[in-house]
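Being a predicted model, the structure only gives us computed values, none of them experimental. Computed over heavy atoms, backbone and side chain alike; hydrogens, waters and symmetry mates excluded. Protein chains get the first letters and strands the later ones, always in sequence-line order, with residue 1 at the start of each.
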4 protein chains.
Amino acid sequence: MSGFGTLFRVTTYGESHCKSVGCIVDGCPPGMELTEADIQPQLSRRRPGQSKLSTPRNEKDQVQIQSGTENGLTLGSPIGMLVHNEDHRPNDYSETDLYPRPSHADWTYIQKYGVKSSSGGGRSSARETIGRVAAGAIAEKILQKANNVEIVAFVSSIGEIAMDRNPTDPKFQNLLNTITREEVDGVGPIRCPDPTVRDEMVKVIEKYRDAKDSIGGVVTCVVRNCPVGLGEPCFDKLEATLAHAMLSLPATKGFEFGSGFYGTQIPGSKHNDMFVFDEERKTLRTKTNNSGGVQGGITNGENIYFSVAFKSAATISQEQETASYEGASGVLAARGRHDPSVTPRAVPIVEAMTALVLVDQLLIQKARDAGRLIVSN
Amino acid sequence: MSGFGTLFRVTTYGESHCKSVGCIVDGCPPGMELTEADIQPQLSRRRPGQSKLSTPRNEKDQVQIQSGTENGLTLGSPIGMLVHNEDHRPNDYSETDLYPRPSHADWTYIQKYGVKSSSGGGRSSARETIGRVAAGAIAEKILQKANNVEIVAFVSSIGEIAMDRNPTDPKFQNLLNTITREEVDGVGPIRCPDPTVRDEMVKVIEKYRDAKDSIGGVVTCVVRNCPVGLGEPCFDKLEATLAHAMLSLPATKGFEFGSGFYGTQIPGSKHNDMFVFDEERKTLRTKTNNSGGVQGGITNGENIYFSVAFKSAATISQEQETASYEGASGVLAARGRHDPSVTPRAVPIVEAMTALVLVDQLLIQKARDAGRLIVSN
Amino acid sequence: MSGFGTLFRVTTYGESHCKSVGCIVDGCPPGMELTEADIQPQLSRRRPGQSKLSTPRNEKDQVQIQSGTENGLTLGSPIGMLVHNEDHRPNDYSETDLYPRPSHADWTYIQKYGVKSSSGGGRSSARETIGRVAAGAIAEKILQKANNVEIVAFVSSIGEIAMDRNPTDPKFQNLLNTITREEVDGVGPIRCPDPTVRDEMVKVIEKYRDAKDSIGGVVTCVVRNCPVGLGEPCFDKLEATLAHAMLSLPATKGFEFGSGFYGTQIPGSKHNDMFVFDEERKTLRTKTNNSGGVQGGITNGENIYFSVAFKSAATISQEQETASYEGASGVLAARGRHDPSVTPRAVPIVEAMTALVLVDQLLIQKARDAGRLIVSN
Amino acid sequence: MSGFGTLFRVTTYGESHCKSVGCIVDGCPPGMELTEADIQPQLSRRRPGQSKLSTPRNEKDQVQIQSGTENGLTLGSPIGMLVHNEDHRPNDYSETDLYPRPSHADWTYIQKYGVKSSSGGGRSSARETIGRVAAGAIAEKILQKANNVEIVAFVSSIGEIAMDRNPTDPKFQNLLNTITREEVDGVGPIRCPDPTVRDEMVKVIEKYRDAKDSIGGVVTCVVRNCPVGLGEPCFDKLEATLAHAMLSLPATKGFEFGSGFYGTQIPGSKHNDMFVFDEERKTLRTKTNNSGGVQGGITNGENIYFSVAFKSAATISQEQETASYEGASGVLAARGRHDPSVTPRAVPIVEAMTALVLVDQLLIQKARDAGRLIVSN
């Protein structure tokens, strides 16, 4: 289904070749200043065609708010938003008439739905994420107002070129403490804050682009200033809903939270985040943060950080030996140019999904807090 | 919240020190043979105290079906199940009166709920998983009947000792094709099918046990014979709901699906799973399976496989320098013996959550299939 | 929240004065022929301005499908639909700047949301039902294909003028067996099939129109050919979800199912619907149908019928002695002409909500049926 | 499905002949004093066997809290509760082996589930309401603490004997303002506060009891001190969720909110609740309350009141000419004594469902309130 969230719920619609793509955001608190100008920046950040590294399709993607605001203020009612599909070019996809694209969703969509759409993969199109990003921009604004929450994602690896993201390395933790979205974008379309690997990453992408191939990568995301107490045991632990959100993005293959897979190798005595009293904030904090800001599924006020693996894009323009829908062996060559690495463009999408998860959990916890206040009298 | 699933929905209850733990399974199809004997085996597999490797608490964990069956057949009505808590020993936890256990949920629970339970972490207790495993056993039985679905999880790494799980390695893919639950259990409590690393894994656990420390690991799981077409684009892709399920388990830090993080390093031309016609089954299949049996969020009939990272257990009996609830620096030493590695015991829990995800998606897709049949007339 | 349904889910957006109103229909089965022509007729039936009995605002309400279909076939993906708001005229509502309209939602919206919209009642506008009717038209088409389900609503009372709807009266039951939508519309805008009261109803409405007043009424609805077995015990009994759907419509004050309130006066021995074997259909049926086609929350194949009370419209153009937002006593007189009775226009809206309930329950039961088939092998 | 509510969610289980019936209450705020003593009174009020008017089965129905509380305080975790089934006597139901009981759920359950349970109607048993009443008692306690919310239901008609419940009658409104649960119970098992009809009601019930027949009735319920602003436009208007809740109760056939069906006959000019400034409370209030305390689906602080129709009980001990499962005409005579009117026993069940609806909407609105505070800064 195409809805996500409980009290702050986004429902999206749209394929790549229909009239528009968009979403309904239900549960946005009333009285917030909101115009298209709050939403467009993140949509523009996810847009393809921003550099020689990415696909040159010039999608304009101007969002139009349909409802839920008046005089620049949210009403509390559902916010309908849409972006027109302007640049159809369905001919580019005509090869899908004969061949299901390997590792794309053409074949499974037909198996599931029994209908072949001109775009092949229907909702698996990257354009489906437009609705998510638009909704995420609203969520982010709420979070900023709630607690000055900051969400910053960046590219941490491309192919084999990886910046260090060892959770026990103070340099990495320091980066998490300070990195800004401006810094991420400031280094160009690669969106990797580490100067020691950045150029190599660009070269790797160019190499695969020139080879009509593609390469994957990892996006790491940090959330600072997240309120304490978010996350709902037991099935909706914060990391569980984040994992759900991230793995619902096209082309994702993995999710690491806090210390991640590497954390399995650190003995408990070192992995445990010892408590210490923070005199300034007058609260317990932890000396280290292998937990990634969550214990028992509940935020503890430390930085939340996690990484998401994006596989190499399935759509490549080199010839592929595969089989047709009919079962005949053959060679498929996608026409046109295709994005050799979707990873940098995934940055604002990861941020959007993070915001959607957090704002929903925030509102749920606000209800809990109020309930607790009520019953403890 | 404590519910999971849409058409097959489990709701769990219970902490470690209350009268019982259990669950309600709503949406089980009627007319299925079901008694406690179908459920107990997986509960027994998750029980602690099965070997010198794990904690010696002898929890008996006998499940009692309360409702929803009659004469050994399911009625279609909710199946209530419970397991009495027999072995309280709250004194073992008395240190939590003064100190929040590091990297445990004691402190975040108090922040969230404002109430301190005798168990500290409340629902973050491993006993909460009893309800999941009981429900999962029912889900598994349905899946077996549906398509002879086989779900087998096993330990693939302990600390730094890892078996090879390179998705492009035919040996690994062959293991996924053939491994059985009997084989996994047959090698002893370590539950690792790879003889080349198994003994070392045991040694590693023993080392950390002797050091009053703990060590993490990875559980890998394969699903064979999964029907084609399961998974709901866009937010409830199969891998997204699996990620949600897995990261909702205590102590999890990561999730890899199919090629996982390694898949980000394989260029698209090699990562793409080319199609080939299977003459025997009269269907397209893929030559390789880097996708992990899912494309565009929808199962394609190949093996589903994924891995879950479990951090080193937070509860260790060596002294830890931390702070008390009041903020005073001090030393906490957990009394009693504690499980040096929860990873092997996680095997049936991972299987249970997998089954819960799949049976729910199966029923949803059955509704889709029926709908499609209706409207295409 | 603005979503309704589980497997067939509609989410609506839009107030009366924003750019557009619309909805997303998630879960429509793929492969069904669907164009705007399937949806427009019911939208036109709900449109105001159809006669001298109703408000003369000429809303055009042309629906535009945004997504989810291609070449006239549903894809299985979400169907976005919208209707532009063309006829704003917010000046008509300027009196709401000073006075909350009595028995309208102006005041409660401000209490709930803290924001005053130009339309006053925000989502309580009748235009919000456009999304429901559009979605309902799709639902109806599925139901027709499923089992030739027929849903026909009609006006059964206006003010004190009521047609006989005694459930034990064979004439009434016969009407339920035969009434068609064409007959309902054929008698003019009053939409009451009973010629003995129809003219009086029109006169009553005219009387209140001339008095700048309004009058309520009752809409009765019958569903024929509903499949057996729909409805989910215990909280989502068919009549419960229908009641939810109907009372979610603006201006509704009551719901009767089957024998309704009158059924409380019929002793069990007469109220009970005795079984009889239907030789033709080779199934048990009931001799009478006081149950309204449902027993224990589950459809039994007999006609489903129920009635919905619509209060007299709150917006009237005569002067009302009330208080301003500030608390000052005063007189409010709505400008412009207003609909003296919304009841006839409610007919297609009741049909739409009925279809939404039934198609969702149908798909859920199809999953149950499939599950039962699976496990009983 | 067997779950109800979003942030305060109850899931029930149990048929009449299984080991226990019970529920899980998820989302109860932490830190509230709660023991079985808070829950038992309402369970005892719903128990049969309280008078000569009702069935003599002496069900003890002692509730046991399984989880979610410690030292008499709620933890915030799910509260498991159960009541053992002690008094099975399945032989009483052996007639259902041959005959589906008319207007009972025996036949529809078999159609839906394909399985016949010994109790016939499975979850349609009145014992299913035990879980609801237990959960409702917790909900009520929260509401009392929130705003001293008072929920009082009473019998307003039995068969044709009805007390006046004309919404425009000040006497009726005054009754709603003052009636207490003690007064309702104080008049004996008939639970009707109106002395002018009470004795007649008892006689009617006795008449039907002696005739081995049954008779229905109406339960009216008032909620005082409900906070302003509860109810979620558009699908989850307060009256819609109440209607859903009430029609989900066994044997219900109708629901009237505020002025109800009678309200369709009152012209708008009289039906509209004019505003007036309340000097004491410093707020707008309404002079009349035909709206039943809700406008646009949102509570306005006036009394909420509504009525629920309960049909004559289907189980009667006189002979009924009906057909067997096999289709053979025959005569069914239920053994044992049966409740001639379930209406008085429905009183605490109606109160429980009311509390469940309100507490869920209260918590949702608390999240909205908090959200609004956040974003308006």
Side-chain angles (χ1 to χ4, degrees), chain A residues 1-3 5-32 64-71 73-82 84-85 90 109-110 112-119 121-125 127-128 131, chain C residues 1-3 5-32 64-71 73-82 84-85 90 109-110 112-119 121-125 127-128 131:
Chain A
M1 303 288 279
S2 290
T6 299
L7 292 188
F8 187 95
R9 184 171 175 87
V10 57
T11 306
T12 66
Y13 74 88
E15 299 81 38
S16 44
H17 297 152
C18 63
K19 282 196 184 165
S20 67
V21 296
C23 68
I24 299 174
V25 173
D26 201 5
C28 181
M32 182 169 75
Q64 296 176 10
I65 296 177
Q66 298 296 299
S67 68
T69 68
E70 209 175 79
N71 303 320
L73 283 182
T74 58
L75 295 171
S77 51
I79 301 171
M81 294 188 283
L82 64 80
H84 287 294
N85 278 337
Y109 263 70
I110 289 186
K112 184 176 186 73
Y113 294 117
V115 180
K116 191 161 74 168
S117 72
S118 64
S119 62
R123 294 278 284 164
S124 70
S125 155
R127 277 193 79 73
E128 179 271 324
Chain C
M1 304 290 279
S2 290
T6 299
L7 291 188
F8 187 96
R9 184 172 176 85
V10 57
T11 305
T12 66
Y13 75 87
E15 300 81 37
S16 43
H17 297 151
C18 63
K19 282 197 185 165
S20 67
V21 296
C23 68
I24 299 174
V25 173
D26 201 5
C28 181
M32 182 169 76
Q64 296 176 9
I65 296 176
Q66 297 296 299
S67 68
T69 67
E70 210 175 79
N71 304 321
L73 283 182
T74 58
L75 295 172
S77 52
I79 301 172
M81 294 188 283
L82 64 80
H84 286 294
N85 277 337
Y109 263 70
I110 290 186
K112 184 176 186 74
Y113 294 116
V115 179
K116 192 162 76 169
S117 72
S118 65
S119 62
R123 293 277 284 163
S124 69
S125 155
R127 278 193 77 74
E128 179 271 325

(message) Minimum heavy-atom separation for C/Pro78 and A/Glu15, please, with both atom names.
(response) O-OE2, 4.3 Å

(request) For C/Ser20, enumerate each residue passing the side-chain contact (heavy atoms from CB on, under 4.5 Å) test, keeping only those at least two apart in sequence or located in another chain. (result) A/Gln66, C/Tyr13, C/Leu82, C/His84

(request) Would you please name every residue forming a side-chain contact (heavy atoms from CB on, under 4.5 Å) with C/Thr69, sequence neighbours left out? (result) C/Leu34, C/Ile65, C/Thr74

(message) Looking at C/Asp26 and A/Ser2, would you say the former's side chain and the latter's main chain have a donor-acceptor pair under 3.5 Å?
(response) yes

(request) Measure the spacing between CD1 of A/Ile24 and CD1 of C/Ile24 and express it to the nearest 0.5 Å. (result) 4.0 Å

(request) Search all heavy atoms of C/Arg9 against all heavy atoms of A/Met1 and return the closest pair with its distance. (result) CB-CE, 4.0 Å

(message) With rounding to the nearest 0.5 angstrom, report the NZ to CD distance, A/Lys19 to C/Gln64.
(response) 5.0 Å

(request) Please flag which part of A/Leu73 lies under 4.5 Å from any non-hydrogen atom of chain C: side chain, backbone, both or neither. (result) neither

(request) Among the options A/Gly27, A/Gly68, A/Gly31, pick out the one with the most heavy-atom pairs lying under 4.5 Å from chain C. (result) A/Gly68

